[in-house]
Colleague: 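Before we start, here is the structure in question, set down as structure tokens.
Just follow the structure's listing: the first ligand is 1, and inside any ligand the first atom is 1. This is a predicted model, so every value here is computed, not measured.
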Amino acid sequence: MSCPELAVLGGTPLFEKPVPVGQLYFPEWEKYEAAMRGIFQRQYYTNQGPLTQELEQRLQERLQVRHVICVVNATIGLMMAADALGLRGKVIVPAYTFIATAQSLSWTGSEPLFCDVDPITHQLDPECVERLLEEHGAEVSAILAVNLWGDACRQDRLAELARKYAVRLYYDSAHGFGCELDGKPLGGAGDLEVFSFHATKVLSAAEGGCICTNDDELAARLRNIRSSYGAGPARQVLRTSNGRMSEAQAAVALLSLESFDSILARNEAMFHAYRQGLEGIQGVRLLTPASVSKTNYQYVVCEIDERAFGLNRNELQQVLSAENVVARRYFYPGLHRFVPYADQFPDASARLPVTEYLCERVLQLPIGQMIDAEGAGRIAAAIRMAGACAESIRRKLREAA
Ligand SMILES: *Cc1c(COP(=O)(O)O)cnc(C)c1O
């Protein structure tokens, strides 16, 4: 490849159609049709139907947890979780995560307390958690940790802190389905964990999610909250909601689960193609999930160092966009810069240097069903070329601006 071949410099785009970042699993049409025919024959759309029950059963086995409560999406799952745990006051969350993590607290009447993340792994930093626990004392009722990017946080340290300070600990594991820590699937840690089955995630129900817990009482409360006292043993709860997963969602999730091992194998091949292709490019760091014993390759995450690479993250994003590669800068800006938190914590940026740093440098590249290993290799080659042609690209981008 040479400079003029880059689409931003007048060449033909690498891909004819935009290639997105998300996993976007679609089942084989015949299988989907058969699953929908079943729903029509049973004339059963929703309310803890046979497919939802089967899905919960399978997930319990796969994740080795006592209870899986399937829900309509992970955002509602996180809100239900905060309510079922009876949270109040402040809850420690990373500033570097998806907005829904913090918003689930805002919806349920507690307040996020933003914590910084580790510069190497991007996971919630236990040192920062402890500082906040010391500083805010009894105002803190829980730690909501996020298992990010197909990796996991320092769960052992967080569990110690939760014990020492007598606070709840639960996990947003939206990125973590299929990952293992010390050979054990994510799902059973803390008081509970919440997975997302959104279309962009590695297990898909189109929209969906689940809450996992080994606590029988918590599970009973969650089932009462989920469907306004619908399923399972009755418990009085403060608030109910509608977090039901429909049979159509469960059908897609079951098909996705059936293909899960091959989905992961494809992801792994793509990740290796990126690793090979990006090897040795100055200023491009590819994150490798290193805390887990098995990852799901949910995301391909790069850090772009402008000085070494020659272009900054936003410029590289434009270069890729011209190639029809829709690279994303997830989690921009940090949560502390969103309304209403920006007003509540005006001095937050100074306390969140790593979050600030990552928000300027991180870029996600496509992986999942819309691309293959060969495509990943071509994207990596275009990134290498962009670094080599940085000066002409800068000139071109300035002219266009
Ligand atoms: C996707 C995601 C969510 C929300 O999941 P939905 O199922 O889309 O509601 C929450 N937290 C993180 C970190 C996510 O990536």
Colleague: Which option wins on minimum heavy-atom distance to atom 6 (P) of ligand 1: Ser196, Ala199, Pro94?
Modeller: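 The option holding the nearest heavy atom is Ser196.
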Colleague: Considering both backbone and side-chain atoms of Lys201, is one of its nitrogen or oxygen atoms within less than 3.5 Å of a nitrogen or oxygen in ligand 1?
Modeller: yes
Colleague: With a cut-off of 4.0 Å, which atoms of ligand 1 are near a heavy atom of Thr75?
Modeller: 4 (C), 6 (P), 9 (O)
Colleague: Using the salt bridge (Lys or Arg N to Asp or Glu O under 4.0 Å) rule, take Glu279 and Arg275 through it: C-alpha gap first, then chi angles, then the decisive distance, then the call.
Modeller: CA-CA 6 Å; Glu279 176 112 52; Arg275 184 147 65 197; over 6 Å; no
Colleague: Taking distance alone, with no angle check, do His198 and ligand 1 share an N/O pair under 3.5 Å?
Modeller: no
Colleague: For Arg157, I'd like to know if atom CZ has over 12 heavy atoms of other residues, nucleotides or ligands within 6.0 Å.
Modeller: yes
Colleague: Between His198 and Thr200, does any side-chain donor sit less than 3.5 Å from a side-chain acceptor?
Modeller: yes
Colleague: Of all the non-hydrogen atoms in the protein, which one sits nearest to atom 3 (C) of ligand 1, and at what distance?
Modeller: Phe98 CD2, 3.5 Å
Colleague: Which of the numbered atoms in ligand 1 are under 4.0 angstrom from any heavy atom belonging to Gly208?
Modeller: 7 (O)
Colleague: I'd like to know if the side chain of His122 pairs up with that of Glu303 as donor and acceptor (distance under 3.5 Å, no hydrogens or angles considered).
Modeller: yes
Colleague: Where's the contact between Asp172 and ligand 1, heavy-atom distance under 4.0 Å: side chain, backbone, both or neither?
Modeller: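 Answer for Asp172: side chain.
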Colleague: If we count only N and O atoms by modelled type, under 3.5 Å, do the side chains of Gln123 and Ser291 hold a donor and an acceptor together?
Modeller: no
Colleague: Which of the numbered atoms in ligand 1 are below 4.0 angstrom from a heavy atom of Thr101?
Modeller: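 Those of ligand 1 that fall under 4.0 Å from Thr101 are 11 (N).
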Colleague: Using a cut-off of 6.0 Å, state whether more than 12 heavy atoms not belonging to Leu238 lie near its atom CG.
Modeller: no
Colleague: Please check whether Glu207 reaches ligand 1 - meaning an N/O of the residue sits under 3.5 Å from an N/O of the ligand, judged on distance alone.
Modeller: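 In fact, backbone or side chain, Glu207 has no N or O that close.
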Colleague: Using a strict 4.0 Å cut-off to heavy atoms of His175, name the atoms of ligand 1 that fall inside it.
Modeller: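 With His175 as reference, the close atoms of ligand 1 come out as 13 (C), 14 (C), 15 (O).
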Colleague: Any N or O on Thr97 sitting closer than 3.5 Å to an N or O of ligand 1?
Modeller: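 In fact, backbone or side chain, Thr97 has no N or O that close.
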Colleague: Should we count CD of Gln282 as having more than 12 external heavy atoms under 6.0 Å?
Modeller: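 At most 12 heavy atoms, drawn from other residues, nucleotides or ligands, come within 6.0 Å of this atom.
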Colleague: Would you find more than 12 non-hydrogen atoms of other residues, nucleotides or ligands less than 6.0 Å from Arg361 atom CZ?
Modeller: yes
Colleague: Going by distance only, is there an N or O of Ala74 that falls short of 3.5 Å from an N or O of ligand 1?
Modeller: yes
